[in-house]
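Inspection log for the structure reproduced underneath, given as C-alpha cells.
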Protein chains: 2
Amino acid sequence: MEDTLFDFISKYISLTEDEKSELLSLDLFRSVKQGTTLLEEGQKSKNSYFVLKGCIRIYYVLDGEEKTTAFYTEMEALTPPCVVNKTPSEYYISCVEDTILTVSNSDMEVETNSKFPKFEIMCRLLSEELLAKQQIDFDEFKTSSPEQRYLNLIQKRPDLIQRVPQYQLASYLGIKPQSLSRLRARILDKKS
Amino acid sequence: MEDTLFDFISKYISLTEDEKSELLSLDLFRSVKQGTTLLEEGQKSKNSYFVLKGCIRIYYVLDGEEKTTAFYTEMEALTPPCVVNKTPSEYYISCVEDTILTVSNSDMEVETNSKFPKFEIMCRLLSEELLAKQQIDFDEFKTSSPEQRYLNLIQKRPDLIQRVPQYQLASYLGIKPQSLSRLRARILDKKS
DNA sequence: ACAACTCGTTCACTTAAGTTAAGAAATGCG
DNA sequence: CGCATTTCTTAACTTAAGTGAACGAGTTGT
C-alpha cells in the first residue's frame with residue numbers, strides 16, 4: 001500500500017529513505033466502506049485525497065437530483081475546489097466502493113512544503129499536470145455529443161462502466177439515465 | 001502595463017523592487033494584432049501567456065469545423081496543455097482582438113523558479129487556483145443545458161457576448177451557431 | 001417468503017439541438 | 001462606392017435528448 005503512494009510520488013520527485021519514513025509517520029492511510037460520505041454539501045474542509053484502491057465520486061444535489069461530475073480511482077489525487085477556495089462545499093464526495101485512500105489536510109501540507117521544498121515542486125508539477133489533463137477532458141466534452149462521449153469513455157476508462165451504476169455514469173456524461181439506456185441500445189443496433 | 005502584471009502577481013506573492021526589475025529585464029511584453037495565430041495545430045511550443053489587454057481564444061479544427069473551447073481576457077493566464085505534456089498541439093491559439101500579453105517559455109520558468117523559490121510558490125498557488133476554478137466550470141457545464149449555460153455566461157462574463165463572434169460563442173457553449181440564434185430568440189420570447 | 005425499494009430498461013410523447021438551405025446584415029477590400 | 005466574404009438569422013425537417021410512466025430484475029430488511 002505504501003509502495004503505491006511512493007510509486008506515485010516518484011513520478012514527480014525522488015525521496016530519500018528518511019523522507020519516506022517521515023511521510024509514513026504522518027499516518028495518512030484510511031480505509032473507508034462503500035457508501036461512506038467523505039464530504040457533505042455546506043461543509044468546510046481542508047482535506048485532500050489520494051485513492052490507493054477503490055473509487056470515490058463527486059456529486060451535486062440539484063433540484064433534489066443527484067448529478068455526478070467526477071470519479072477518482074486508483075492512483076488519482078483530488079483536492080476539492082472548496083479546500084482551495086476556503087468556501088463551504090457545494091457537493092458531496094462519497095465512496096462508490098470500499099476504498100483505501102490517504103487523507104491529508106492543507107495545514108499539514110503548508111508545513112510539509114516549507115520543510116521540504118521538494119514537496120512544493122511536486123505539488124506544482126501535479127497541479128499543472130492535472131490542470132492540463134482536465135483542460136483536454138473539458139475540451140473533448142464540449143466538442144462531442146453524448147454518444148461520442150460514451151464511446152470515448154469506453155476507450156479511456158472502460159473499468160468505470162463496469163464498476164459504477166448507470167445513473168451515475170449518465171450525469172457524468174451530461175445526460176439522463178433513460179437517455180444513456182437508449183443511447184446504448186442505439187449503439188448495439190448500429191453494430192449489427 | 002507593467003503594473004497590471006505586478007498587481008496580478010501580488011495576489012500570490014510579494015515582490016521586492018529588485019525582483020520586479022529583474023522580471024522586467026526579461027522583456028516579456030508583446031503586442032499582437034487581431035487575427036494573429038500564436039500557436040498552430042501540430043506545433044510544439046514552450047510558451048505560456050498572460051493577457052494584459054485584449055482577448056485570445058483556443059480552438060480546434062475538427063472535420064473542417066472550428067470548435068472554440070476557451071477565451072482568455074484581461075488578467076488571465078494560460079499555459080497550454082501541450083506545453084505541460086511536451087506534445088504537439090491539437091489546437092490553435094489566436095487573437096480575437098488586438099492584444100497585449102506577456103510571453104514566457106518553460107525553460108525560462110525553470111530557471112526563474114530555481115533562482116526565486118517564491119516563483120515556485122506562485123506557480124503552485126496559481127495552478128491550484130486555476131484547477132479548482134476549472135473544475136467548478138466543468139461541473140456547471142455538465143449539469144446544465146445549453147440555455148442555462150448561455151444565461152450563466154451573461155452573468156459571469158457579459159463582456160464576452162459583446163466582444164466575441166456568435167459562432168465562436170456557440171461552440172464554447174457546446175452547440176451550433178444556429179442553435180445559439182434560436183436559443184436567444186427563445187429567451188427573448190419568454191421575457192415578453 | 002414477502003413487501004418495499006432501487007435500478008435499469010422501455011415506451012410514448014415533448015422539447016430542443018443538428019442539418020441543410022436560403023437570405024439578410026455586417027464587414028472588408030479593391 | 002460596389003462587390004465579395006463572412007457572420008447572423010430564419011425556416012423546414014431530422015435526430016436525439018428530456019419527461020413521465022410503467023415494468024421487471026435484483027436487493028434489502030423484516
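Computed from a prediction, not measured in an experiment: that's the story for all the values here. Residue numbers start from 1 in every chain, and the chains themselves are labelled A, B, ... in the order their sequence lines are given, proteins ahead of strands.
- The side chain of A:Arg186 contributes no N or O atom lying less than 4.0 Å from OP1 or OP2 of D:dT15.
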Q: Check step by step if ring-ring contact (aromatic ring centres under 6.0 Å, His included) holds for B:Tyr59 and B:Tyr91.
A: CA-CA 6 Å; B:Tyr59 68 96; B:Tyr91 43 83; 9.4 Å; no
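- At a threshold of 4.0 Å, the pair A:Glu66-A:Arg57 counts as salt-bridged, since one of the basic side-chain nitrogens sits closer than that to a carboxylate oxygen.
- Going from atom CD of B:Gln166 over to atom P of C:dA25 covers 16 Å, rounded to whole Å.
- D:dT9 atom C1' lies 14 Å from atom CD1 of B:Ile175, rounded to whole Å.
- Listed nucleotides: C:dG8, D:dC8, D:dA17. Nearest to the side chain of B:Pro165: D:dC8.
- Judged by distance alone, with hydrogens and angles left aside, B:Arg182 brings a side-chain donor or acceptor within reach of the base of C:dG18, the pair sitting under 3.5 Å.
- Between the CD atom of A:Gln148 and the P atom of C:dA17 there is a distance of 17 Å, rounded to whole Å.
- For the pair B:Leu169 CG and D:dC8 P, the interatomic distance rounds to 9 Å; values are reported in whole Å.
- Taking 4.0 angstrom as the limit, B:Ser181 places none of its side-chain polar atoms (N or O) nearer than this to OP1 or OP2 of D:dT10.
- One finds no salt bridge joining B:Glu147 and B:Arg184 here, because no Lys/Arg side-chain nitrogen approaches an Asp/Glu carboxylate oxygen to under 4.0 Å.
- The separation between A:Glu65 atom CD and D:dG18 atom P is 10 Å, rounded to whole Å.
- The pair B:Lys115-B:Glu111 does not count as a salt bridge, with every side-chain nitrogen at least 4.0 angstrom from each carboxylate oxygen.
- Mapping A:Gly174 and B:Leu180 onto DNA chain D by nearest heavy atom places B:Leu180 closer to the 5' end of the strand.
- Here D:dT6 presents its P atom at 15 Å from CD of B:Gln34, a figure rounded to the nearest Å.
- D:dC13 atom C1' lies 17 Å from atom NZ of B:Lys176, rounded to whole Å.
- Each ring-ring contact (aromatic ring centres under 6.0 Å, His included) pair with one or both residues in residues 122-168 of chain A, not counting sequence neighbours, appears once here: A:Phe138-B:Phe138, A:Phe138-B:Phe141, A:Phe141-B:Phe138, A:Phe141-B:Phe141.
- Nearer to the 5' terminus of DNA chain C, by closest-nucleotide assignment, is the contact made by A:Pro177 (compared with the other of A:Pro177 and B:Glu147).
- With rounding to whole Å, B:Gln178 atom CD is found 15 Å from C:dA24 atom C1'.
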